[in-house]
Amino acid sequence: MKVAISCQGNELNNPVDPRFGRAQGFIIYDDETGKYDYVDNKQNLNAAQGAGIQSAQNVAATGAKAVITGHVGPKAYSALSVGKIDVYLCEDGTVEQALEKLKTGSLEKSSEADRPSHW
């Protein structure tokens, strides 16, 4: 399964980005192979609106079936849900630590957005 992690850099030792829609980028990690790629999200960093939806579309295009991020708004959550992409919240730590928490079952699957629009 591929997992998209919002991040503040392109390596596993970089911090998880607390924002989904306006994240610097996403590490797309394949848990079957252990390989990963980086997907830049700079087009959404300063978007006036729609950053969450566009980021969800970008993540879906990678084939990811789960997202780990600090926070997610209602429009992004809805778009991810439509794409059958599970959302896990992890506010701090590195990408590698967040992946380890997912593997050990320490992250709970989110059932709704945890932030209002435009927070």
Side-chain angles (χ1 to χ4, degrees):
M1 173 178 77
K2 287 185 179 180
V3 180
I5 306 95
S6 61
C7 58
Q8 297 177 9
N10 59 1
E11 299 293 335
L12 296 179
N13 63 350
N14 291 126
V16 170
D17 197 316
R19 307 158 301 172
F20 174 74
R22 298 183 192 284
Q24 180 178 330
F26 298 95
I27 287 195
I28 310 302
Y29 181 83
D30 187 327
D31 68 356
E32 292 178 15
T33 65
K35 295 182 180 182
Y36 65 93
D37 292 308
Y38 177 75
V39 176
D40 193 88
N41 193 47
K42 66 182 173 188
Q43 74 278 9
N44 292 313
L45 285 176
N46 298 311
Q49 58 186 355
I53 294 169
Q54 182 62 45
S55 294
Q57 291 172 338
N58 292 343
V59 165
T62 70
K65 295 299 178 193
V67 165
I68 301 173
T69 189
H71 301 285
V72 65
K75 291 178 184 175
Y77 185 85
S78 178
L80 291 166
S81 294
V82 166
K84 299 186 185 327
I85 300 171
D86 294 332
V87 177
Y88 296 87
L89 301 179
C90 182
E91 286 189 60
D92 55 14
T94 66
V95 169
E96 191 169 40
Q97 290 168 334
L99 284 166
E100 187 59 31
K101 288 178 183 179
L102 181 66
K103 288 178 189 176
T104 62
S106 300
L107 295 180
E108 189 174 321
K109 189 168 103 173
S110 183
S111 60
E112 62 185 357
D114 75 316
R115 290 291 192 255
S117 293
H118 302 288
W119 62 280

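Linking ILVMFWY side-chain heavy atoms closer than 4.5 Å, directly or via other members, places Met1 and Leu99 in a single hydrophobic cluster. Linking Ile, Leu, Val, Met, Phe, Trp and Tyr whenever their side-chain heavy atoms come within less than 4.5 Å leaves Leu89 and Leu107 in two separate clusters. Clustering ILVMFWY residues whenever any of their side-chain heavy atoms sit less than 4.5 angstrom apart, transitively, puts Leu102 in a cluster other than the one holding Val67. Under a hydrophobic-cluster definition in which Ile, Leu, Val, Met, Phe, Trp and Tyr are linked whenever side-chain heavy atoms come within less than 4.5 Å, directly or via other members, Val39 and Ile68 are assigned to different clusters. In terms of hydrophobic clustering, with Ile, Leu, Val, Met, Phe, Trp and Tyr side chains grouped at heavy-atom distances under 4.5 Å, Val3 and Ile85 are assigned to different clusters.
For Asp114 (side chain) and Val72 (main-chain N/O), a donor-acceptor pair under 3.5 Å exists by modelled atom type. Side-chain atoms of Thr94 never come within 3.5 Å of backbone atoms of Asn13 as a donor-acceptor pair (strictly under, hydrogens ignored). Not a single donor-acceptor pair under 3.5 Å links the side chain of Tyr29 to the backbone N or O of Val95. Between the side chain of Ser81 and the backbone N or O of Tyr77, at least one donor-acceptor pair lies under 3.5 Å. In terms of modelled atom types and a separation under 3.5 Å, the side chain of Asp17 and the main chain of Gly70 share no donor-acceptor contact.
Note that the CD atom of Glu112 and the OG atom of Ser110 stand 6.5 Å from one another [nearest 0.5 Å]. Taking CG from Asp37 and CG from Asn10, the interatomic distance works out to 11.0 Å, rounded to the nearest 0.5 Å. Within the model, atoms OG1 of Thr62 and CZ of Phe26 stand 9.0 Å from one another, a figure rounded to the nearest 0.5 Å. Distance check, rounded to the nearest 0.5 Å: CD of Glu96 to CD1 of Ile27 gives 9.5 Å. To the nearest 0.5 Å, the span separating CG on Asn41 from CD on Gln24 amounts to 9.5 Å.
Closest of all the heavy-atom pairs between Ala113 and Gly73 is CB-C, 3.4 Å. Across every non-hydrogen atom of Ala56 and Ala79, the tightest pair is CB-CB, 3.6 Å. Closest heavy-atom contact between Ser6 and Thr69: OG-OG1, 2.8 Å.
With contacts defined as side-chain heavy-atom distances shorter than 4.5 Å, the pair Pro18/Gln8 qualifies. The shortest distance between side-chain heavy atoms of Lys2 and Lys65 does not fall below 4.5 Å. In this structure, Val59 and Phe20 have side chains that are in contact, with non-hydrogen atoms separated by less than 4.5 Å.
No hydrogens or angles considered: nothing links the side chains of Glu11 and Tyr38 as a donor-acceptor pair under 3.5 Å.
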